[in-house]
Amino acid sequence: MEYNHKDIETRWQQYWRDNNTYKCIERPDRKKFYVLDMFPYPSGAGLHVGHPLGYIASDIYARYKRQQGFNVLHPMGYDAYGLPAEQYAIQTGQHPEKTTNDNIARYRSQLDKIGFSFDWSREVRTCDPEYYRWTQWAFMQMFDHYYDLDADKALPVAHLVDHFSQHGTEGIRPAGSEELSFSADDWNAWDEKKQREILMNYRIAYQGESMVNWCPALGTVLANDEVSEGLSVRGGHPVEQKVMTQWILRVSAYAQRLLDDLSLVDWSDSLKETQRNWIGRSEGAEMRFAVKDSDIELEIFTTRADTVFGVTFMVLAPESEYVAQVTTPEQKEAVATYLDEVRHKTERERQIDKKVSGVFTGSYAINPLSGKEIPIYVSDYVLAGYGTGAIMAVPAHDSRDYAFARHFNLPVIPLIEGADVSEESFDAKEGVMTNSAGPELNLNGLQVKEAIARAKEFIERKGIGRVKVNYRLRDAIFSRQRYWGEPFPVYYKDDTPYLLDESQLPLHLPEVQSYLPTADGQPPLGNVADWKTPEGYRLELCTMPGFAGSSAYYLRYMDPHNDKALVSPEANAYWQDVDLYVGGAEHATGHLIYSRFWNKFLYDLGLVVRPEPFKKLVNQGMIQGRTSFVYRIKDTNTFVSHGLRKDYDTTPIRVDISLVHNDILDTEAFRRWRPDFADAEFILEDGRYICGYAVEKMSKSMFNVVNPDDIVERYGADTLRLYEMFLGPVEQSKPWDTNGIDGVNRFLRKLVALFSKCDQADRRDMTPEERKIVHKLIKKVTQDIENFSFNTSVAAFMIAVNDLSALKSDSTVALETITRLIAPFAPHLAEEFWHQLGHDGSVADAEWPQWDESALTEATVKYPVSFNGKVRFVIEAPADADRDAVSEQALADPAAAKWLDGKTPKKVIVVPGKIVNIVI
RNA sequence: GCCCGAAUGGCGGAAUCGGUAGACGCGUCGGUCUCAAACACCGAUGGAGCAAUCCGUGCCGGUUCGACCCCGGCUUCGGGUACCA
């Protein structure tokens with residue numbers, strides 16, 4: 001049999017389509033297994049070889065589970081809303097829906113060629129109205145619920161209204177943007193507009209004024225995870241801070257549960273750590289400092305309550321409302337000038353410019369423990385959005401306070417014995433306290449930890465503050481001033497937002513004349529004249545952000561065509577949660593936080609059965625490009641081979657990697673590549689032109705993009721799949737490098753050759769030698785797949801095939817077993833073998849073989865070692881092997897004789913599984 | 001700065017529980033086939049040495065009969081994050 005990959009692969013892909021091989025239905029008689037890939041954003045560039053890495057790994061796992069008898073859900077879809085399609089629409093005038101659909105078609109054809117076992121009947125697209133109606137629906141639920149801190153879950157806003165009308169804010173603890181206090185009489189006296197304004201303070205999806213990341217170039221606000229180092233993640237445009245009224249999700253209410261429930265999931269430690277850092281829990285105390293000659297009190301947050309005796313000044317964030325209250329008339333102008341200066345700096349400028357700046361407000365506060373007067377400053381090193389927007393400064397033990405104190409010549413009081421604060425602050429939370437005695441509290445001589453506890457206890461007892469937990473995690477800004485996203489199911493009456501009725505969903509995204517903002521700066525939907533409810537109320541002009549549609553898509557796959565619910569209780573009860581989720585680590589602080597939040601909210605409403613959506617998660621590494629270089633000798637058209645370039649003055653030039661194979665340049669193709677190079681001359685080494693290389697991001701401009709279609713065309717999908725796995729651990733980032741692909745292809749051809757030899761008429765059982773090879777392979781491959789170690793399982797296949805070839809094995813039983821094992825890796829070739837062996841159904845349903853330990857039981861002495869008069873042999877033997885036989889065999893081994901040196905052993909100790917101790 | 005991770009031949013990587021370091025593949029060298037090349041196949045391939053043997057998993061030290069693996073201290077390179085009080 002020839003290995004004609006094109007013929008085999010097109011034939012079996014057609015067979016899978018014709019037979020709906022990968023269509024999946026709920027089957028209560030079978031255990032479920034849900035394998036999910038993070039769905040792609042269909043970009044215009046198409047797939048490169050990096051994208052399928054995770055898909056291949058998850059496909060192998062899904063196929064393996066199916067062969068083990070699980071009912072496997074393995075869907076795929078598209079995260080179709082997003083900024084690039086809209087930016088492209090602005091440039092070209094093409095409707096984003098059209099370009100998105102074109103890109104999806106291209107992705108689909110590329111994916112199909114690789115032989116994935118996706119159930120395409122469950123495909124979802126976030127821009128499909130039948131999909132986004134459930135995104136809109138979820139938003140409505142969040143609008144209609146608040147977070148109850150006593151119940152520790154989301155409850156209907158109707159409960160809150162009931163309570164307010166009977167008891168006011170007394171006896172209920174809703175999570176709110178501000179702490180409000182009013183009576184039932186107050187509440188009942190307010191009109192509807194005012195009541196709805198109050199409720200907005202509590203809704204989980206609420207509208208609020210907030211400091212946002214505004215990106216002028218994109219014309220929209222961005223979430224914290226969409227900004228990195230002061231630049232937008234998409235496009236790299238500068239981002240500035242601005243106060244705007246926006247829709248916001250109260251993610252912060254779930255901070256503690258998002259933190260705690262990390263213990264329920266099987267994710268890598270580093271990913272959990274990233275999430276913990278992003279949530280940023282810190283335990284401390286909130287304290288009030290009285291302002292001298294005034295009844296104003298400044299509230300601050302600190303994790304170092306032990307350092308209050310070292311507070312020598314206080315600092316307010318420029319945006320803090322305290323600033324206006326404490327600024328004295330004499331300082332008013334100076335403060336105003338400073339605030340103006342700060343306001344004109346972008347976030348990025350603030351980050352780059354770390355110069356100390358600030359201004360004195362003219363007021364003093366009273367240190368509540370020492371009774372000393374301390375000046376109050378304003379500075380932009382204090383953030384408005386964290387804690388209370390005001391700090392107590394302890395220059396001796398905080399480097400930022402230290403820098404500020406040195407700049408403004410403020411006193412530095414060291415509080416820890418032996419700490420030298422003449423050059424820098426002592427930030428570590430360790431040591432013995434000193435200088436910390438006041439009229440009512442003495443911390444001297446205590447360890448820092450004890451001192452913190454003692455100080456907190458004192459503060460609480462004296463009523464000057466309370467113990468408080470703060471989180472870095474902020475509420476998620478949910479409005480985007482863009483066109484290509486889900487419309488909000490919201491209209492405005494009397495300038496107050498109201499929800500549409502559920503029966504009005506989906507609210508379709510309308511056509512627009514222009515994708516640009518309106519002349520008066522409204523979002524693009526402002527261009528739509530009849531963007532109104534049937535009653536004539538104006539609809540919300542913003543659309544939802546990218547993460548809206550991607551937060552609950554894993555639930556929709558469970559029941560994708562349901563027009564009554566996001567997911568039916570029956571489908572959710574069956575599929576429960578994602579057993580294996582595979583995707584990039586770049587989503588650690590965005591998607592994976594939002595999805596967990598969204599799921600927990602639906603869990604609170606009793607709509608889903610699991611508190612966590614993704615049980616096990618694997619982050620696949622990135623595949624980088626491997627750029628090839630040629631070296632042109634300066635001012636000539638002569639190119640010198642990599643190894644000889646030191647002898648010349650050369651300029652490296654990137655060359656298209658399709659002209660290079662195993663680092664050897666096809667010089668003829670190179671001359672044809674560009675007119676400039678048509679008459680290029682080459683200085684060769686060993687008769688060849690060797691290119692240099694560098695590892696860079698895969699990108700068109702570097703000429704290093706490898707399209708999987710080209711690999712499939714040349715070597716076949718099975719080779720591509722095996723090769724991507726063989727490259728190294730799935731989790732690891734690595735450069736794409738075709739240098740080893742021939743070896744994998746050679747292995748498949750060897751397997752075909754071996755298969756061709758097997759004698760189907762005579763299905764004799766395997767010889768013990770063959771059995772050992774095959775059962776070793778079953779064990780190895782099974783364990784490797786469970787451990788997500790695919791590179792070593794590919795190696796195991798190569799060893800087994802080499803060993804069987806060396807034996808000139810023609811056992812059909814052996815080959816049939818290998819066919820079952822290799823089916824997840826090379827499904828096309830396995831399908832071909834399976835049918836040639838006379839089976840009717842797909843190899844995807846072939847039972848996964850079990851290994852027989854007894855086939856592997858022959859004990860072998862691996863090596864001897866000696867210590868303390870003992871000789872220990874390491875024996876490769878099964879756990880249940882006969883101990884006497886194993887020790888006898890060890891003693892009979894020639895290696896043993898050398899160590900025993902003619903002596904008779906006193907005692908032989910056999911450790912089951914592996915080790916034999918022989919005491920001489 | 002802080003947090004996390006990594007470092008093994010010419011290269012990608014193995015060693016899954018502390019037990020013969022370098023599996024498997026690439027590359028290189030030698031051979032068979034061929035007029036020749038390509039393909040294929042066979043053999044060798046960490047370093048030094050004719051050899052016995054010695055050395056060898058980023059560096060320094062420790063624990064252990066035994067360390068790529070565990071502990072302490074560094075170096076370098078990735079990734080995340082950053083005036084978070």
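All heavy atoms count here, side chains included; hydrogens, waters and symmetry mates do not. Per chain, numbering begins at 1; letters A, B, ... match sequence-line order.
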inquiry  = Using whole Å, what does the distance between atom P of nucleotide B:C24 and atom CG of A:Asp784 come to?
reply    = 15 Å
request  = Measure from the side chain of A:Arg472, starting at C-beta and using heavy atoms only, and say which of B:C4, B:C24, B:C84 lies closest.
outcome  = B:C84
task = Could you work out which one of B:C24, B:C41, B:A85 sits closest to the side chain of A:Ile391?
result = B:A85
key: Aromatic ring proximity, centroids under 6.0 angstrom, A:Phe404 and A:Tyr402   = no
ask   = With respect to the side chain of A:Arg749, which nucleotide from B:A40, B:U16, B:C4 is positioned closest?
value = B:A40
ask   = If pairing requires Watson-Crick or G-U wobble contacts with both distances under 3.5 Å, which nucleotide is the partner of B:C2?
value = B:G80
ask   = What distance, rounded to whole Å, do you find between the two P atoms, one in B:A7 and one in B:C70?
value = 11 Å
inquiry  = Measuring only the C1' atom in each nucleotide, how far is B:C60 from B:C65? A whole number of Å is fine.
reply    = 24 Å
query = Mind checking the P distance from B:U57 to B:A51? Whole angstroms is fine.
reply = 23 Å
request  = Provide the Watson-Crick or G-U wobble partner of B:C54, both distances under 3.5 Å; none if there is no partner.
outcome  = B:G47
ask   = What's the CD-C1' distance between A:Glu586 and B:C4, to the nearest Å?
value = 17 Å
OP1 or OP2 of B:G25 under 4.0 Å from side-chain N/O of A:Asn802 = yes
note = From the candidates B:C84, B:A14, B:C41, the one with an atom nearest any side-chain atom of A:Lys750 is B:C41
inquiry  = What is the separation between atom CD on A:Glu724 and atom P on B:C24, rounded to the nearest whole Å?
reply    = 23 Å
request  = Take atom P in B:A21 and the same atom in B:G66, then report the distance between them in whole Å.
outcome  = 14 Å
remark   = Comparing nearest nucleotides in RNA chain B, the 5'-proximal residue of the pair A:Arg304, A:Asp269 is A:Asp269
query = Which part of the nucleic acid, if any, lies within reach of A:Gln732 when heavy atoms closer than 4.0 Å are counted: base, sugar-phosphate only, or nothing?
reply = sugar-phosphate
inquiry  = Measuring only the P atom in each nucleotide, how far is B:U28 from B:U34? A whole number of Å is fine.
reply    = 24 Å
message = Taking the side chain as everything from C-beta on, heavy atoms only, tell me whether A:Phe747 gets closer than 4.5 Å to A:Asp742.
response = no
query = Side-chain donor or acceptor of A:Asn277 under 3.5 Å from a matching atom on the base of B:U81?
reply = no
ask   = Under 4.0 angstrom, heavy atoms only, what part of the nucleic acid is A:Pro729 near: base, sugar-phosphate, or nothing?
value = sugar-phosphate
key: Syn or anti for B:C17 (syn when the glycosidic angle lies within 90° of 0)   = syn
task = Determine the contact category for A:Asp737: base if any of its heavy atoms lies under 4.0 Å from a base atom, sugar-phosphate if only primed atoms, P, OP1 or OP2 are that close, otherwise nothing.
result = nothing
note = Side-chain atoms of A:Arg400 come closest, of B:G25, B:A82, B:A85, to B:A85
query = Quick one: are A:Thr303 and A:Lys468 in side-chain contact, heavy atoms under 4.5 Å?
reply = no
note = Taken to the nearest whole Å, CD1/A:Ile741 to C1'/B:G12 is 14 Å
inquiry  = Apply the syn/anti split at 90° from 0 to B:G73 and say which one it is.
reply    = anti
task = Test for a donor-acceptor pair under 3.5 Å between the base of B:C84 and the side chain of A:Arg474, counting only N and O atoms.
result = yes
task = Begin with the C-alpha distance, continue with both residues' side-chain angles, and end with the deciding distance and a verdict on side chain to side chain donor-acceptor pair (under 3.5 Å) for A:Ser282 and A:Asn470.
result = CA-CA 5 Å; A:Ser282 64; A:Asn470 249 320; 5.6 Å; no
request  = Determine which nucleotide pairs with B:C41, using a 3.5 Å limit on both distances of a Watson-Crick or G-U wobble pair.
outcome  = B:G31
Closest listed nucleotide, where the reference is the side chain of A:Thr302 and the choices are B:C4, B:A85, B:A23 = B:A85
key: Atom-to-atom span, CG of A:Leu316 to C1' of B:A85 - whole angstrom   = 13 Å
message = Using atom P in both nucleotides, what's the gap between B:G22 and B:G56 to the nearest angstrom?
response = 16 Å
query = Can you tell which of B:C84, B:G12, B:C4 lies closest to the side chain of A:Phe726?
reply = B:G12
task = Evaluate the ring planes of A:Trp736 and A:Tyr723, with Trp represented by its six-membered ring, and classify them as parallel (under 30°), tilted (30 to 60°) or perpendicular (over 60°).
result = perpendicular
remark   = Between A:Tyr386 and A:Ser789, whichever has its closest RNA chain B nucleotide further toward 5' is A:Ser789
key: Nucleotide opposite B:G72 in a Watson-Crick or G-U pair, distances under 3.5 Å   = B:C60
remark   = Which of B:A85, B:C3, B:G13 is nearest the side chain of A:Ser282? It is B:A85
inquiry  = Taking only side-chain N and O atoms of A:Asn791, does any of them lie within less than 4.0 angstrom of OP1 or OP2 on B:A14?
reply    = yes
request  = Check the surroundings of atom CD in A:Glu786: do more than 12 heavy atoms from other residues, nucleotides or ligands lie under 6.0 Å from it?
outcome  = yes
request  = Mind telling me whether A:His591 and A:His587 have parallel, tilted or perpendicular rings, with 30° and 60° as the class edges?
outcome  = perpendicular
ask   = Which value, in whole Å, describes the distance between the P atoms of nucleotides B:G25 and B:G43?
value = 12 Å
request  = Could you please name the option among B:G13, B:C83, B:A85 that lies closest to any side-chain atom of A:Thr303?
outcome  = B:A85
request  = Can you tell me the distance, in whole Å, between the NZ atom of A:Lys757 and the P atom of B:C41?
outcome  = 11 Å
remark   = Between CG of A:Asn619 and P of B:G80 the distance, given in whole Å, is 12 Å
message = When the C1' atoms of B:A15 and B:C24 are compared, how many Å lie between them, rounded to an integer?
response = 12 Å
note = Side-chain contact check for A:Arg746: nearest option of B:C26, B:A85, B:G13 is B:C26
Near-ring test A:Tyr471/A:Trp278, centroid separation under 6.0 angstrom = no
request  = Rounded off to whole Å, could you give me the NZ-to-P distance for the A:Lys429 and B:C84 pair?
outcome  = 13 Å
